[in-house]
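See structure below.
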Amino acid sequence: MGQLLHTGLYFLYASAMVYLVGTWRFFRLPGISSLLVRGGFLLHVAAGVALTLIYTYYYTDRSKADIYRFFNDGRIISSVLFTNPVAWLKIITGIGYHDPDAWQYLARTLHFSHPEGDLVTSYSFFIRLVSVLNLLSFNNIFIDTLLLNFIAFTGLVLLYKAFQHYFADLPVALFIGVFLLPSVVFWGSGLLKEALVLVGA
């Protein structure tokens with residue numbers, strides 16, 4: 001898929017997400033206007049683009065850039081679906097992924113075999129997720145980042161709702177604390193495991 005089509009797909013996904021964030025009942029936050037919620041989402045999207053650009057054009061050694069570690073290994077796994085669907089299913093589910101027919105593909109990855117202690121320290125789970133996102137993005141890192149942004153933003157919405165009872169008189173302060181802290185916006189908006197932490201929070 002060419003750059004023009006990737007760009008079109010990016011804006012198609014982004015438009016659909018902005019529409020959902022503004023209209024879907026799940027994203028309605030007591031005391032916060034839908035316009036502000038949309039603005040918060042777009043801020044996270046912009047931060048995701050900025051982080052990807054930094055890792056693409058400033059830190060040019062992609063073997064040491066986390067987002068490209070995940071993205072490149074995810075691309076290897078995504079391609080397995082079209083050559084060996086059974087092996088791909090084993091890799092994605094984790095059931096039988098040590099079998100030779102599946103492991104032959106994983107041997108080409110550089111970071112998949114990181115210790116799988118838990119969701120936070122495991123590279124394997126996140127690389128599996130990225131490989132699935134690649135199927136929706138046609139292997140475009142910016143679209144992967146956008147899709148992960150939407151997933152992470154739903155986690156922040158749930159976090160806001162979990163605390164809204166305690167901050168009933170301070171909804172804007174809670175919104176700032178949950179959605180707009182610089183570390184949350186920047187590190188939680190890229191193709192990084194921190195985004196999954198926001199979902200699990």
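What you see is a predicted model, and the numbers here were worked out from it, not measured in a lab.
- Residues V157 and F179 form a side-chain contact, since some pair of their non-hydrogen atoms from C-beta on lies under 4.5 Å apart.
- With hydrogens and angles ignored, the 3.5 Å screen pairs no side-chain donor or acceptor of D99 with any backbone N or O of A102.
- The main-chain N or O of S78 is never found under 3.5 Å from a side-chain atom of S131 such that the two would form a donor-acceptor pair.
- F167 and F163 have perpendicular rings, their planes meeting at more than 60° on a 0 to 90° scale where under 30° would count as parallel.
- In this structure a side-chain-to-backbone donor-acceptor pair under 3.5 Å is present from H6 to F138.
- Side-chain contact check for S137 and Y13: no donor-acceptor pair (N or O, by modelled atom type) lies under 3.5 Å.
- Using a 4.5 Å cut-off between side-chain heavy atoms of Ile, Leu, Val, Met, Phe, Trp and Tyr, with links allowed through other members, V86 and Y97 fall into different hydrophobic clusters.
- Side-chain atoms of K161 come within 3.5 Å of backbone atoms of F26 as a donor-acceptor pair (strictly under, hydrogens ignored).
- Looking at P171 and L29, their side chains never come closer than 4.5 Å, going by heavy atoms from C-beta outward.
- Using a 4.0 Å cut-off between charged nitrogen and carboxylate oxygen, K193 and D66 do not count as a salt-bridge pair.
- For the pairing with F70, the ring-ring contact (aromatic ring centres under 6.0 Å, His included) check across F125, F126, F112 returns one residue only, F126.
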**OP:** Show your reasoning for whether side chain to side chain donor-acceptor pair (under 3.5 Å) applies to Y105 and S79.
**Re:** CA-CA 9 Å; Y105 300 105; S79 66; over 6 Å; no
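- L191 contributes atom CG, which lies 11.5 Å from atom CG of L146 (distance to the nearest 0.5 angstrom).
- To the nearest 0.5 Å, the span separating CG on L148 from CD1 on I141 amounts to 11.0 Å.
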**OP:** May I have the step-by-step check of side chain to side chain contact (heavy atoms under 4.5 Å, CB included) for Y68 and T56, ending in yes or no?
**Re:** CA-CA 9 Å; Y68 279 102; T56 301; 2.6 Å; yes
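- Without hydrogens or angle criteria, D73 side chain to L110 main chain gives a donor-acceptor distance under 3.5 Å.
- When the options Y58, Y57, Y59 are evaluated for a ring-ring contact (aromatic ring centres under 6.0 Å, His included) with Y55, the one that passes is Y59.
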